Amino acid sequence: MEPAIQPDYLSGLNEMQKQAVLHTDGPSIVVAGAGSGKTKVLTARIAHLLKEKKAAPHQILALTFTNKAAAEMRQRITDVVGNGAQALWLGTFHSVFMKLLRREANSLGYPAHFSIYDTDDSKSLIKQITKALDLDDKLYKPSVILGRISHAKNRLIQPEVYAADPTYQKEDAYMRMPKFSEIFLRYTGHCLQAGAMDFDDLLVQTHKLFHDHPTLATKYQQQFRYLLIDEFQDTNLVQYRIAKTLAAHHQNICVVGDDAQSIYAFRGADIHNILHFSHDYPNHKMIKLEQNYRSTRHIVDIANHIISHNAAQLKKKVWTANPVGAPIQVLRARSDMEESQLVVNQLLTETLNNQLRYRDFVILYRTNNQSRNFEEALRKQNIPYQIIGGLSFYQRKEVKDLLAYLRFVVNQNDTEAFRRIINFPRRGIGPTTIDKIFSIAAESARPLWTVLHDLNDFLRGATATAVSRFVTLIDTAKQTNENAYTIAAYIAKASGLLKELHEDKTVEGRTRYEHIQELLNSIKQFVDQPENNDPSLGSFLQEIALLTSADQSHVHEDAVTLMTIHASKGLEFKYVYLVGMEEELFPSAMMLGSQADLEEERRLFYVAVTRAQLKLTLSHALSRYRFGKLTHVQPSRFLKEIAEHTTAQRATKPAQSTATAQSIKKSKLGGSMRKIGRAAPAQSSIGPTALQVGHMVHHLHFGSGKILKVVETAGMRKAVILFHKFGEKTLLLNYAKLDILPIIEKA
DNA sequence: GGGGACGGCCTTTTT
DNA sequence: GGCCGTCCCC
């Protein structure tokens, strides 16, 4: 064709980005600073592989950490290459390997439609085990046990190996959990028997599959010609090993990550994987993406300063050609309640003055429970908002109840599903009976379902009838062989679940009833999808097992977003409010113990700050309700770290404070580079009278422009400004945040 | 076996 | 301040 013309997906890439896209063969590592166009590079790379016919879609494996990131990538690739993108192996680690395991489950002794245990199921199972072992659950807390199991699994330590290792035994004795390895063994055995995998199993079993069945490993090694891994700094050992195995044949593995944004050590992510990679692939090419396209210079600078406090980091210098932008602002409130009001009031003012949409704003916090005050404040002002995180639709009790029925219809070995539904809605089967059923199954080594069919051997009277009805209900559903929707609708009705909720006339009851209807609708939608060639119940359950609340469709077109910092990774917003900047909250009290933990918190701070495109506002309160008690709290050490830096850079001038009626203190931080213009009052960047016709100015949202006219009406000064990118706008000088640019305009 | 009252406990972040 | 588990009585 015409070699001189670049394909579309390459235009608009800088030199380094282009290199990352075009270096397709052999191992490579892309160190991508925040906002450096990482997703753009990944999608361009895949588009390039497809366009150049280096691989068919099903020969490319691309792994991300969230469904959202995967969906966005798939969409962008589709935009370039069309429907071919559908056949890509692209998704989260968990979902991709679930799909693979489903195909190969039989080799591992699992049914193809294995159940997936979520955290609640796992904890409930652990509780059963500690009870059976007659252990005190004050000492053996299910959540702690699960955490340890998960940690061991992610480091590929088998329970048998764990049990035989004196080092681990000592550790457990020290933690006053000498029986931990016994629990671990039983837990794993139980999952296998129940035909269930927990989240970690989706990775661990994949690893085991390739390890135990070299022919299968070879099959996939040959299939996947190109491997891409996003957010590589967040991979744990199992994930790395799987990736390494899959890349063994073709060696075309490209990992993209940023050590400064590693925030998942608590769930086993190992920043050393970056080092392992360099070691395992000595001939790799390293490409650094250091230009930030997302944020103002103030924001990029402050981010760099934050990370410079960490000892452990890869050298890289993130910079930007963007304008300086607004200073970083700090709001101080007397109480947590006041903090939320301050933030929401300022947010509202900013939407109005800068002609912004609500969706341009995000409120970020360290812990989910902080959302509460902000929700109230937003509701009071009638501002639409959406909360990401917290409880997802599929985690609601009533939804999980119906899903448990469906799980049990698919897999009668799923004991956790069974426990959940055997007496809900109440049908007169109490703990005594349930214990009896389980102990008979254990003694006679028969599957649960067989025992339940022989119930007349050990049950009499009303209880026997009740259990028998339950068995018939499941059998009927099982034998219909219908699609997911038909079975679900039958179960919802025949189990009495719908009736139970329908009779509850409280507001909550109505909502729960609606949720069940909503679930049924979504199953119907799933079944009716034209491209769906497996509308079975098992297929539906696996489809939804890995969805999180972040994957829900947005209710509002235009709403303020609230979420944890963790959930915000990979996203960007024009205005970011980072709230609760207090000691023991952020950094979290749990993370003050070690240098490594504290550095992870600081990286979290870095992630939060780098979400902002135009303006970053931090806030903290002096008192906060904790455990229902009012407590005094100290400003976060992170605030001090950046404050010191800014004063050092900004000569002698102390942080300026303006007491207002609400006793707000706003101090300006940031401003590391020589500022264009000069230090300005907190509210608007520059006094309105200083502006004159002919001045070049910079506006946060509209960019640079020239003042054409200054008019005064009703005591308000307005300016007509011709912006380079947005054309003519009339702005109120009292509010508009304008910086005067030097006359010789240069960005 | 079911339902209501009380007390302890908590709080990190998530696929 | 709220959830969950336990205890106690019907």
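Not measured: the values here are computed from a predicted model. Letters A, B, ... are given to chains in the order of the sequence lines, protein chains preceding strands, and every chain is numbered from 1.
Distance A:Q239 CD to B:dT14 P: 16 Å, rounded to the nearest Å. The CG-C1' distance, from A:D121 to B:dT15, rounds to 15 Å in whole Å. Rounded to whole Å, the distance from CD on A:Q370 to P on C:dG1 is 18 Å. One can place OH of A:Y625 at 15 Å from C1' of C:dG2, the figure rounded to the nearest angstrom. Taking atom CG on A:D336 and atom P on C:dG1, their separation rounds to 12 Å, with Å as the unit. As a whole-Å value, the separation of A:D435 CG from B:dG1 C1' is 14 Å. If you measure from atom CG of A:N154 to atom P of B:dT14, you get 16 Å, rounded to the nearest angstrom. Protein atom CG of A:L146 is 12 Å distant from nucleotide atom C1' of B:dT14, rounded to whole Å.
Using a 4.0 Å heavy-atom cutoff across all strands shown, A:F65 reaches sugar-phosphate atoms only and no base atom. Residue contacts for A:T433: at a heavy-atom cut-off of 4.0 Å it reaches the sugar-phosphate backbone alone, with no base atom in range. Residue contacts for A:T432: at a heavy-atom cut-off of 4.0 Å it reaches the sugar-phosphate backbone alone, with no base atom in range.
Annotation: A:F424, atom CZ; neighbour count of heavy atoms from other residues, nucleotides and ligands within 6.0 Å is above 12.
With respect to A:D118 and A:K123, no salt bridge is recorded, no charged nitrogen being found less than 4.0 Å from a carboxylate O. Ion pairing between A:K38 and A:D230 holds under the 4.0 Å rule for side-chain N and carboxylate O. Residues A:D259 and A:R603 are not paired through a salt bridge, judged by the lack of any N-O separation under 4.0 Å between the basic side chain and the carboxylate.
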Acceptor/donor pairs from residues 626-633 of chain A side chains to any protein atom, 3.5 angstrom cut, sequence neighbours excluded:
{"from": "A:R626", "atom 1": "NH2", "to": "A:E584", "atom 2": "O", "distance (Å)": "3.4"}
{"from": "A:T631", "atom 1": "OG1", "to": "A:R624", "atom 2": "O", "distance (Å)": "2.9"}

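B:dT12 and C:dG5 have their C1' atoms separated by 23 Å, given to the nearest Å. Look at the P atom in both B:dT13 and C:dC4: the space between them is 15 Å, to the nearest Å.
OP1 or OP2 of B:dG2 has at least one side-chain nitrogen or oxygen of A:N423 nearer than 4.0 Å. Distances shown here put every side-chain N or O of A:R427 at or beyond 4.0 Å from the OP1 or OP2 atom of B:dG1.
With respect to A:I242, the side chain to side chain contact (heavy atoms under 4.5 Å, CB included) criterion is satisfied by exactly one of A:L63, A:T206, A:V96, A:L100: A:T206.
Within the model, atoms NE2 of A:H515 and CG of A:L519 stand 10.5 Å from one another, a figure rounded to the nearest 0.5 Å.
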Legend entry - Contact state string [nucleotides 3-13 of chain B, B base, S sugar-phosphate only, - no protein heavy atom under 4.0 Å]: S-----SBBBB
